[in-house]
Peer 1: 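Dropping the structure in here first, questions after.
Both counts, for ligands and for their atoms, begin at 1 and track the order of listing. Basis for what follows: all heavy atoms, side chains included, without hydrogens, waters or symmetry-related copies. Just so you know, these numbers come straight off a predicted model, no measurement behind them.
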Amino acid sequence: MEMFKYSKRVPKDGSDAVGEILKAAADPKIISFAGGLPAPELFPVAEMKKATDDVYDENGKEALQYGSAKGVLKLRKTIAKRMLDREGIKTDPDHIMVSTGSEQVIDLVGKAFIDSGDTVFVEQPTYLCAIDVFKSYGAKFVSVPMDDDGMRTDALEEALKEHPEVKLLYTVPNFQNPTGRTMPADRREALAKLAEKYDFMVLEDNPYGDIRFAGEHVPSVKSFDKSGHVIYMSTFSKILAPGLRLGWAIADLDVINKLTVLKQSADLHSDNLAQYIVAKFFEENDIEKHIEKISQLYGSRKKLMTDNIKKYFPKNVKFSDPEGGMFLWVQVPGVKDTTKLFNMCIKHNVAFVPGVPFFAGAEIPGSFRLNYSNMKEDQIEVGIKRLASAIKEVLSEQTVAVNK
Ligand code: PMP
């Protein structure tokens, strides 16, 4: 029995599994691959300070005033230009809405498209906060299987035949959180066509696409969209700093205007000062150079991690080898209870995020997410060695239990 008369939207048990995991991992003895933070040593603090000073000098009064719900025009122009150059998305400031973190776009899209009982397709596994958002609007989930190339569009078509009522599909096609997988161009094109054919919206979430340290850039799903069924979203969190809380959505004019009305009810507009500062930062600095620095660092940390996984983990362990982003995904065959493995890891002073919360449906046992972006080089080898010992201990305990 709840103490107060909460809405159905509030999770019943009030527990925060991920919060508990991060709390356990926060012990300074523990090497934690659990978080999902960018490397703070690359935040461009001095450049942001200069941009801030310049904004105060040149536009202080406007930046401190209330602003437009869609966002500061100068920033939306900056975004439109970069989206064309980088993603092949032909757009203009009218079709762009600045959001409070890109997380807000997930929430507003949920609010705009999902009524209780509506069907939402997600990748299996998917970004856990998106599951929480869609759940809060009463979504019913269908999980679309993935392989090393992301969401399988053949499996998607099967699922569409079974669930033609679907209203929304959520995908992270580049260096997905949690798996690090990337969807190739042919699947993206197929997805855009299926969205038109079956008349459902695609929410293309691309926070990590810029952080590529290997392979070739793949065009966005939105660049294949001819019918307006794709909503694209991204963020300044990974290429600049997450504390700014600035992201954006690009969509058909009707959709973006509806999202903007909902945004106005949520928070009137995103932080005006932060928007002016980011637009100024883009004017004064070469963002592509900055992104290259981030990509190089994450690429070398990823390599260190996979080299050590190959060296220390049992040989049958599967792991993704991402070409960008911040995460890789491990699946240990034979592990029946990932929570048991997590607890064993805590005993060995190492942590990860167990796979369970990333699944809207059934979990693939023995899977977990590792973060490499926020981990110092000397900690990676030690942490992976500890993880290997914990895996071996759990597997041998299981064997003993079976043999008893
Ligand atoms: N989508 C994905 C897939 C993410 O991993 C994150 C951040 N962890 C977000 C959206 C939200 O990021 P932000 O609100 O900082 O833009």
Peer 1: Starting from atom 9 (C) of ligand 1, find the nearest protein heavy-atom neighbour and note its residue, name and distance.
Peer 2: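 Heavy-atom neighbour on the protein nearest atom 9 (C) of ligand 1: Tyr127 OH, 3.5 Å.
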Peer 1: Between Ser237 and ligand 1, find which residue part has any heavy-atom pair under 4.0 Å and reply side chain, backbone, both or neither.
Peer 2: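 Contact part for Ser237 vs ligand 1: side chain (C-beta onward).
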Peer 1: Just which atoms of ligand 1 are under 4.0 Å from any heavy atom in Thr235?
Peer 2: 13 (P), 16 (O)
Peer 1: Please verify whether a non-hydrogen atom of Pro207 lies at under 4.0 Å from ligand 1.
Peer 2: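 For ligand 1, residue contact (heavy atoms, under 4.0 Å) with Pro207 is present.
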Peer 1: Step by step, would you call Glu381 with Lys311 a salt bridge (Lys or Arg N to Asp or Glu O under 4.0 Å)?
Peer 2: CA-CA 10 Å; Glu381 175 158 16; Lys311 197 157 147 195; 3.6 Å; yes
Peer 1: Between Arg188 and Phe224, is NZ or CZ placed under 6.0 angstrom from the six-membered ring centre and within 45° of the ring axis?
Peer 2: no
Peer 1: If the threshold is 4.0 Å, N to carboxylate O, is there a salt bridge linking Asp378 and Lys376?
Peer 2: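 Here Asp378 does not pair with Lys376 in a salt bridge, since their nearest N and O are not under 4.0 Å apart.
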Peer 1: Does any donor atom in the side chain of Thr338 or Glu363 lie under 3.5 Å from an acceptor atom in the other side chain?
Peer 2: yes
Peer 1: Give me the residue, atom name and distance of the protein heavy atom closest to atom 1 (N) of ligand 1.
Peer 2: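 For atom 1 (N) of ligand 1, the nearest protein heavy atom comes out as Asp205 OD2, 2.5 Å.
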Peer 1: Examine the proximity of ligand 1 to Tyr208 and report which part, side chain or backbone, both or neither, has a heavy atom under 4.0 Å away.
Peer 2: side chain
Peer 1: Can you list the steps and then say if Glu158 with Arg152 is a salt bridge (Lys or Arg N to Asp or Glu O under 4.0 Å)?
Peer 2: CA-CA 10 Å; Glu158 289 308 306; Arg152 281 177 39 206; over 6 Å; no
Peer 1: Does Lys238 have a heavy atom less than 4.0 Å from any atom of ligand 1?
Peer 2: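 Distance cut 4.0 Å: Lys238 passes for ligand 1.
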Peer 1: Could you label the plane-to-plane angle of the Phe358 and Trp329 rings as parallel, tilted or perpendicular, counting under 30° as parallel and over 60° as perpendicular?
Peer 2: perpendicular
Peer 1: I want to confirm something. Looking only at heavy atoms, which of Gly101, Gly35, Ser102 is nearest to atom 12 (O) of ligand 1?
Peer 2: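 Comparing heavy atoms across Gly101, Gly35, Ser102, the nearest one to atom 12 (O) of ligand 1 lies in Ser102.
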Peer 1: Less than 4.0 Å is my threshold; does some heavy atom of Arg245 fall inside it relative to ligand 1?
Peer 2: yes
Peer 1: Which atom pairs, one a donor and one an acceptor, fall under 3.5 Å between side chains of residues 89-97 and the rest of the protein, sequence neighbours left out?
Peer 2:
unit_1, atom_1, unit_2, atom_2, d
Asp92, OD1, Asp94, N, 2.9
Asp92, OD1, His95, N, 3.4
Asp92, OD1, His95, ND1, 3.0
Asp92, OD2, His95, ND1, 3.1

